[in-house]
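First the proteins, then the strands, lettered A, B, ... as listed; each starts at 1.
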Number of protein chains: 2
Amino acid sequence: MSKSTIYQIAEQVGVSASTVSRALSGNGYCGRRTKAKIMEAAKALNYAPDHAAKILKTRKTNKIIFAVPDICNPFYFDMINGINQVAEEYGYLLILYYTKHRLSEELKAIQNVKERVADGMIMVSFHFCEENISAINDLSAPVVLTNQYESPGGGDRFDYVYVDTFEGTKQGTKHLIGQGLKRIGFIGGSLSEQTGRQRFGGYREALLEAGLPYTEEHVIESDYTEKGGYLAAKRLLESNGRPHAIVAANDLMAIGVMHACEEAGLSIPEDMAVVGMDNLDVASRVHPKLTSVSLEQEDIGRRAAQILMDRLHGRAGYEKAVKIVPKLVVRQSSVRMH
Amino acid sequence: MSKSTIYQIAEQVGVSASTVSRALSGNGYCGRRTKAKIMEAAKALNYAPDHAAKILKTRKTNKIIFAVPDICNPFYFDMINGINQVAEEYGYLLILYYTKHRLSEELKAIQNVKERVADGMIMVSFHFCEENISAINDLSAPVVLTNQYESPGGGDRFDYVYVDTFEGTKQGTKHLIGQGLKRIGFIGGSLSEQTGRQRFGGYREALLEAGLPYTEEHVIESDYTEKGGYLAAKRLLESNGRPHAIVAANDLMAIGVMHACEEAGLSIPEDMAVVGMDNLDVASRVHPKLTSVSLEQEDIGRRAAQILMDRLHGRAGYEKAVKIVPKLVVRQSSVRMH
DNA sequence: TTTTGAGATGGAATCGATTCCAGAACGGGT
DNA sequence: ACCCGTTCTGGAATCGATTCCATCTCAAAA
């Protein structure tokens, strides 16, 4: 049987539509007996409220959009998970919008918010530029970004939540230093990109703080792939005074490092300690299990969603910019057993 | 500047709202000059169509719901990816609904469809029962399930797309047999569940077809975890006439098997060939790389979404039930080099 | 008995776009 | 000059729920 409207219920019961609306929504007065009859009729007529009509009148969609550059990347799954936890708690549905690393798609996502498809948006932007920013600032709906960003004028309307990857590699490096290791190599991404520089910076600072010498030969720029890590590690192993530990800027490269060591007959962690970053599933599945810096994606998602909810409910006390501190997960690859 | 409505544009330009609607949507006649003025005013007034109003009138939300039991499971992310590819092609947005393996949440997802939050739904149901099925059949919107299911009366309104896991383990086992291996063990899940029985069945049939003897001692029921696979493998390795190959009902258990072999000093694939199932990311990251049966999740998603779109657009020619054939991905763990 | 106010209800406007229908304008062909 | 069909436009209804406002009832307080 197809569903019905409040008008049909009203007719059936013999009351006005306003009364039916009040009875069903609970807003406003409604007599006990009338209410019971309305409820009964609603059931009998297979009533379900029409979402679109409700939205049109109330201006609330109870949906949020998560605009994500890459749907295939496990990194973002955890964010989705975190976002959904909070969204659900507040009774919001989550719309996934796949931007494919394209500015045009990011703008379309913003347009969706403008058309009131959703009440707010969380976005991982890969094209953080004037066009983008002004489009977001033009929205009346709140937006939370997960980019690190210093607002030049300070007048931006959005908030952001980001991970401090500098702190991440710093923690990883300090952990190795704490294990008594002194010659520590670093395999990162390109230093011409911000991401690459940040991760390198943390490694560099940990050495500095510990008063350890910095050897340029022990730092290799690679490409975040397993193969890249493997090749980089081979070079490090051939360098004179080879390092006894390696910090890799992500887990895939760290796994490449492990394979290179295995091939060279070096055992991990005895001959070479390894630390990765991202804390992918695979980190705990390789042998030996890989110590890795978790970027706390789920937490990013949760915090971003929380800020969005705070904004949507006009609550005060949220922070415009939240910095998430990564968390070192120590496993076998970096701890020598005695 | 906040956005405006067609009425404001109409007033600005000095025409009626109907004309503005026609100009902007392109449905119906509109003079060239008027249209130009309307477009200009729309831009000037920062116009964006109101989604809710449009839905209310047109009865089309251009959204579909994907109800998924587990947001953390990478298995489903590939499905999401597949669904999204098709949804996007047709201009639909994807709403993710996390059912947490709970019937009550599945019913809520169905309720959402009833309230016209979305035009249709794809659901991975873990509670396929009378209550569920009748709720789905009551909907006027189309639903595609990814469960294998034989409609008892044949009167069900939904369609389904599912993977033939029986065929999957059969392929994996046949592949090993094709490598000249004769003593092949099997590590599966509980045989009291349908999933477990299907996967075991494929293994059994492959042996039968090849005329190989079936040894009960070489079949172990485990629990789909890495540790479970590890323990099961240890038992297999101790059995008399230990197998030279093992088919594991999923990749996690296969990885456990690999660790057990490593520990026992057996090299893979020379002393023991291993085949897994699911083709997780990690399968291609372990050493040696794991041969695995891909359940083609992305394809499931695509097919399901395609059927949904066909239904939504009243196209004929779709199939009510689509069986996806899994695909064996051969890697190092099962191929002896000569 | 009168006053008062809480509770219950109906009427009507509203949210913003779409679309049917009627009528106006316009141009080409006779 | 007239007719006719095409193109253009405005008015009004519609989608379904919410909500403000006015009215009405009824019981308790004065």
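No contact: A:Val20 has no heavy atom under 4.0 Å from any strand. Within 4.0 Å of B:Ala48, counting heavy atoms only, lie sugar-phosphate atoms of the nucleic acid but no base atom. Base contact: B:Arg22 has a heavy atom under 4.0 Å from a base atom. Using a 4.0 Å heavy-atom cutoff across all strands shown, B:Thr5 reaches sugar-phosphate atoms only and no base atom.
Here D:dT9 presents its P atom at 11 Å from CZ of B:Arg33, a figure rounded to the nearest Å. Across the protein-nucleic acid pair, A:Ile55 atom CD1 and C:dT14 atom C1' stand 16 Å apart, rounded to whole Å.
A heavy-atom distance below 4.0 Å to DNA chain D is reached by none of the residues of residues 107-116 of chain A.
Of the side-chain N and O atoms in A:Lys54, one or more sit less than 4.0 angstrom from OP1 or OP2 of D:dT18. Not one side-chain nitrogen or oxygen of A:Thr19 sits closer than 4.0 Å to the OP1 or OP2 atom of C:dT9. Under 4.0 angstrom from either OP1 or OP2 of C:dA17 there lies at least one side-chain N or O belonging to B:Tyr47. Side-chain nitrogen and oxygen atoms of A:Ser18 include none within less than 4.0 Å of the OP1 or OP2 phosphate oxygen of C:dG10. An OP1 or OP2 oxygen of D:dT18 is reached within less than 4.0 angstrom by no side-chain nitrogen or oxygen of A:Asn27.
The shortest distance between side-chain heavy atoms of B:Val124 and B:Tyr76 falls below 4.5 Å. Taking the side chain as every heavy atom from C-beta outward, A:Phe66 and A:Met123 never approach each other to under 4.5 Å.
A donor N or O paired with an acceptor N or O is found under 3.5 Å between the base of D:dA17 and the side-chain atoms of A:Tyr7.
Between A:Asp138 and B:Asn46, the side chains place no donor N or O within less than 3.5 Å of an acceptor N or O (distance only, hydrogens not considered). Using modelled atom types and a 3.5 Å distance limit, the side chains of A:Asn137 and A:Asp156 yield a donor-acceptor pair. Donor-acceptor pairing under 3.5 Å is lacking for the side chains of B:Lys114 and A:Tyr47.
Considering only residues two or more places apart in sequence or on other chains, A:Asp78 meets the side-chain hydrogen bond (donor to acceptor under 3.5 Å, both in side chains) condition with none of them.
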